[in-house]
Enquirer: 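Please see the structure below; I have some questions.
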Amino acid sequence: MNGAPAVVATSSRAMVATLALVATLCGILIVSAYQGTLSAVTANKRVALERAVFKVVPGAVSVKEFVAGPAGIAPAGGVPAKDTVKFYAAYDAAGALKGIAAEGSASGYADVVRVLYAWDPARQAITGLGVIAMRETPGIGDKIYTDAAFLANFEALDARLDASGTALANPIRVVKHGSKRNPWEIDAISGATVTSKAVGRGINDSAQRLLPRLAPNLDQLRGN
Amino acid sequence: MTGKSPRIELRAAPHVKRPVGVETIMRNVVLALLPIAAFSVWQYGLSALALLVTATLACLATERWVNRLAGGPNTLSDWSATITGLLLGLTLPPSFPLWMAAVAGFAAIALGKALFGGLGHNVFNPALVGRAFVQAAFPVSITTWVPAYAPDRFTSFIPTTFTLPFMTPPDISAWAKAAVDGFTGATPLARWKFENLLATPADLLSGAVTASAGETSALLILACGLYLAARRFLDWRIPVAVLGAAALTAWAFQFAGPERYPDPAFVLLSGGLMLGAVFMATDMATSPVTPKGVWIYGATIGVLTVMIRYFGGLTEGVMYAILIGNALAPLIDQYTQPRVFGARGRRA
Amino acid sequence: MAIPGQQPLSHLEEFMEGIWKQNPVFVMVLGMCPVLAVSVSAVNALSMGVATTFVLLCSTLLVSLIRNVVPKEVRIATYIVIIATFVTVVDYLIAAISLAVYEALGAFIQLIVVNCIILGRAEAHASKNPPLRTAVNALGMGAGFTIGLFALGSVREILGAGKLFGVALFGPDFQPWVVMVLPPGGFFVLGAWLLLFNWLKNRAAGSAGKLAEGGAHG
């Protein structure tokens, strides 16, 4: 019907008119539904984000979104520029920086595993893990958020930068169950190695990109 | 398809030989399975016995129930449900809780056989359907292994055996370690895949390894298979094709990467390949009938088994390989029809 | 449905059509993609059922209201636009009500637009019947679809997680049947319900009639 000229034949005119009328009506419906629900949807997303961040950064009461690009960090907003990493800064009631949360993702056994990890600037370590989305086998893959021994890996997972400040001093690695020797290693879940490795890879990839950009600019976050 | 009840008739010549019925074949398969079952009880004790009995009883009860629902004749006497139950029990880990074994038995007969119309109409091997169901339903229990030859195996049960219905079985890794020193809880295939450790052929032949109840002794399975083949109750081409194709594939891989892939003997003797090749792939209802088709079918299963073992997420691939082979069987039959004598085309 | 020369159905009968005689899940076996995909838990199943009912009711009502002014050449295009509109509306509404449900249902909210039940009802019923009758029929169909989804969802949640509406039923030691929350579980449970439904229907018919045969569609 695109740009169809008003033909003399009445049936065509009626068809175009009907479709135009219905489309207009539907457009109005969609726009009003969008406007009517926009604030609720935004609030929901905010609550979900805060809940996820507060879970991995205990003690935090507010959260701000930032992006880290090659030039430094900036508050998130608008269309994200290319080559930036999104992260969340969590603050306690007094307004002091409690920790950084960021998303890591890597493909697991069934689908992409998306996790949210917390990074503590004071201890230079990863201090918490939450799962955002996964479709791993129930009873096996979901141990990444039910298995206490696995979660204990993320109480103080070493994530300090090397001397040049461009990469992690020790890449975060997943090792076979029972063979964790170093603080930057993650002890895999026996029987769920693929999912465990996805978690480790997701965190490592994200931290390698984010932390070198973040570390020099921490004061900017504290000042907020 | 139901067998006639045996009776003695005295007649004068000429004698016409009575063709071998379903019942005779099935009874002999059960006979051939008994030594394997007995050996599994010797290895794993009371729990294996309870497991085999439960799986068989569940299959028989389901068969009877389905008979009644369908209003058909009683088909318990053709022994086929007994075979399904025994085979199913032999493919489960000895520590498998009995209630799960009963679920597997129900799934085997109800989903694997009755829904397709009973014996002879089923597309897939019923025992493997039952195992596939519990593999998907209870992935943890079906990969929990216990050591063979535990000292008190004839006086006490494995702690998981009597798990209450619908309840999670207790963790038995501590029990297994206490029962046999140095027990690792992994099958030879898993140890190869994740730790690169190879079990010796002698251990695999004699059954001194961790595995499902009835797949440990390759030697015994071969002997029982030979008996059936000698009496022509199974098509010898199928096991030969399965094992031959698996060995060839394994050999080719080992030739390409000797440090990554194990030798063909390990592939043949470990896991359920022997039991699957001899007793499951040969199921008459679910394998092709044409001479050429039988070879293609067996070779498909052999190659698939090795592929799944090497490249899949699971450590063992025999079950899925045979199920895929079953699904292909009608197609294989269709494309390998022999030429009718005197006819010009492939199909008269 | 009003067939010429036949006594029109009463409104109650019209409502019961969708629940019993022409149940979209158990009799027509329509809209199987959402039925199999989102019936892993009772909450997801109910949400999906309510969302579909909403779209069904609103779009068939609108179709029925404009049935006499739409030229028949463009009727399908019109129906699709109307259905797509209400699907978009419901998409926003669910996101506003609960983000958790929104994420659990995922793409299947948008996929309501291709649910055969809705276009089928618009074409076969709403375009030939007055608004009130259409609304009653659509409500019945929606209720029937929701009941079907819930029947699957509750069984799969009880067996697959030992819970109903997220409440544990059997204590902490329950062994979940993982297969029930995987795709094959959907087929098993659907098959079992179809078996039961047909058995009940045959018994109600009072004779051992032929099993109602149903082919699965989109």
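Chain letters run A, B, ... following the sequence lines, proteins first and then strands; every chain starts at 1. Computed from heavy atoms alone, side chains included, the values below leave out hydrogens, waters and symmetry copies.
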Enquirer: Check each atom of A/Thr18 against the heavy atoms of chain C and say whether the ones under 4.5 Å are side chain, backbone, both or neither.
Expert: side chain
Enquirer: Heavy-atom distance under 4.5 Å to chain A: side chain of C/Thr78, backbone, both or neither?
Expert: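 Both parts, backbone and side chain.
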Enquirer: Heavy-atom distance under 4.5 Å to chain A: side chain of C/Val69, backbone, both or neither?
Expert: backbone
Enquirer: Taking atom types as modelled, find out whether A/Ser206 and A/Tyr117 have a side-chain donor-acceptor pair closer than 3.5 angstrom.
Expert: yes
Enquirer: So for C/Tyr102, is it side chain, backbone, both, or neither that comes closer than 4.5 Å to the heavy atoms of chain A?
Expert: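 Looking at C/Tyr102, nothing touches chain A.
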Enquirer: Can you find a side-chain donor-acceptor pair between A/Arg173 and A/Asn204 that sits under 3.5 Å?
Expert: no
Enquirer: Parallel, tilted or perpendicular: which describes the rings of C/Trp193 and C/Phe26, with under 30° parallel and over 60° perpendicular?
Expert: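 Plane angle between 30° and 60°, so tilted.
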Enquirer: With no hydrogens and no angle check, do the side chains of C/Thr53 and C/Thr146 hold a donor and an acceptor under 3.5 Å apart?
Expert: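 Yes, because at least one side-chain N or O of C/Thr53 sits under 3.5 Å from a partner of the opposite role on C/Thr146.
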Enquirer: Tell me, side chain or backbone of C/Ile66 under 4.5 Å from chain A's heavy atoms, or both, or neither?
Expert: side chain
Enquirer: Could you check whether A/Lys64 makes a cation-pi contact with A/Tyr91, meaning its NZ or CZ is under 6.0 Å from the centre of the six-membered ring and within 45° of the ring axis?
Expert: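 Cation-pi check for A/Lys64 and A/Tyr91: passes.
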